[in-house]
Amino acid sequence: QQSVDYLYTSTKPSRFHNLFFVRRIKTKYLCTLFYIHNIYIAKKYKRMNDSKHLVEKITEGIQEKKGKKIVVADLTNIDDTICNYFVICQGDSPSQVAAITDSIKDYVREETGYKPIAIDGLRNTQWVAMDYSDVLVHIFLPEIREFYNLENLWADAKLISIPDID
């Protein structure tokens with residue numbers, strides 16, 4: 001009522017009105033910050049669940065083309081990492097590495113609708129890296145995988161071995 005009266009009168013609001021107005025703005029601002037923080041947390045948990053689902057679909061795509069020695073490195077509890085998960089596997093030949101790459105790309109797109117941001121290494125198919133933002137997939141030839149040994153590079157990560165399907 002007082003603010004409406006102020007609009008129709010030529011008098012300035014008192015100091016009390018100004019303080020009340022500032023408190024109202026601060027309250028709205030704090031409520032807005034709290035709301036934004038809750039949205040951020042909700043999106044973070046949704047993204048983590050999406051990442052887990054994505055990892056499941058990636059491993060299914062690998063198993064579809066008989067990829068071997070699948071290891072999932074869970075990096076969620078490690079600070080300052082570029083992603084939440086590494087999925088590491090190997091194929092016996094360059095043509096199998098390329099087939100696994102295509103299988104992952106197609107299977108994940110069909111099941112989740114996600115497309116990789118980037119795929120690198122398709123020219124020589126010794127080490128192909130697929131970037132799904134929160135999940136990085138590495139597909140190696142056996143000797144290249146042994147040389148780089150990514151599993152030991154992330155030794156403080158939780159490593160999950162997935163059994164081969166024969």
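Source: prediction; values computed, not measured.
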*Any residue meeting ring pair (Phe, Tyr, Trp, His ring centres under 6.0 Å) with F147, in chain and number order, not counting sequence neighbours*: none
*Using the rule that two of Ile, Leu, Val, Met, Phe, Trp, Tyr join whenever any of their side-chain heavy atoms come within less than 4.5 Å, decide whether I117 and Y85 are in one cluster.*
no
_Taking A99's backbone N and O only, do any of them form a donor-acceptor pair with S103's side chain (distance below 3.5 Å, no angle check)?_
no
*Indicate the atoms forming the closest heavy-atom contact of D164 with G67, along with that distance.*
OD1-O, 4.2 Å
*Distance-minimising heavy-atom pair for V108 and Y114*: CG1-O, 3.8 Å
*Can you measure from CG (D134) to SG (C83) and round to the nearest 0.5 angstrom?*
7.5 Å
_According to a hydrophobic-cluster definition based on side-chain heavy atoms being under 4.5 Å apart (Ile, Leu, Val, Met, Phe, Trp, Tyr only), do L75 and Y148 belong together?_
yes
*Kindly give the heavy-atom pair with the smallest separation between P94 and T125, and that separation in Å.*
CB-OG1, 3.0 Å
_According to salt bridge (Lys or Arg N to Asp or Glu O under 4.0 Å), does anything in residues 58-77 pair up with another residue at least two apart or in another chain? List the pairs._
K57-E60, K68-D92
_Distance in Å, M130 CE paired with I100 CD1, rounded so as to fall on 0.5 Å steps_ = 11.0 Å
*Got a sec: does the CD of E143 have more than 12 other heavy atoms crowding it under 6.0 Å?*
yes
*Ignoring hydrogens and geometry, is there a side-chain-to-backbone donor-acceptor pair from T112 to R109 under 3.5 Å?*
no
_Working note: V72 + F86, criterion side-chain contact (heavy atoms from CB on, under 4.5 Å); need CA distance, chi angles, decisive distance, verdict._
CA-CA 6 Å; V72 177; F86 269 17; over 6 Å; no
*Does F140 have any ring pair (Phe, Tyr, Trp, His ring centres under 6.0 Å) partners at least two apart in sequence or in another chain, and if so, which?*
W127
_Hydrophobic clustering (ILVMFWY, side-chain heavy atoms < 4.5 Å, transitive) - are L54 and I88 grouped together?_
yes
*Check whether I119 and Y107 end up in the same hydrophobic cluster, where Ile, Leu, Val, Met, Phe, Trp and Tyr are linked by side-chain heavy atoms less than 4.5 Å apart.*
no
*Determine, step by step, whether E151 and R145 satisfy the side-chain contact (heavy atoms from CB on, under 4.5 Å) criterion, reporting the C-alpha distance in whole Å, the side-chain angles of both residues, the deciding distance to 0.1 Å, and the verdict.*
CA-CA 9 Å; E151 292 93 333; R145 181 178 184 173; 2.3 Å; yes
*Report yes or no: do V55 and I78 belong to one cluster of Ile/Leu/Val/Met/Phe/Trp/Tyr joined by side chain heavy-atom distances under 4.5 Å?*
yes
*Please identify each residue that fulfils side chain to side chain contact (heavy atoms under 4.5 Å, CB included) with D79, with sequence neighbours left out.*
none
*Any salt bridge (Lys or Arg N to Asp or Glu O under 4.0 Å) pairs touching residues 113-131, not counting sequence neighbours?*
none
*If you link ILVMFWY side chains whenever their heavy atoms are less than 4.5 Å apart, which other residues fall into the same cluster as L159? By chain and number, please.*
V71
_Pairwise distance CG(L122) to OG1(T101) - rounded to 0.5 angstrom_ = 5.5 Å
*Could you go through the side-chain contact (heavy atoms from CB on, under 4.5 Å) check for V137 and I104 one step at a time?*
CA-CA 9 Å; V137 184; I104 293 168; 3.8 Å; yes
*Please assess H138 against L150 for the test side-chain contact (heavy atoms from CB on, under 4.5 Å), listing each intermediate value before the final yes or no.*
CA-CA 9 Å; H138 299 276; L150 287 185; 3.7 Å; yes
_How close do C89 and I70 get, counting heavy atoms only, and between which atoms?_
CB-CG1, 4.0 Å
*With rounding to the nearest 0.5 Å, note down the distance linking CG in N149 to CG in L153.*
8.5 Å
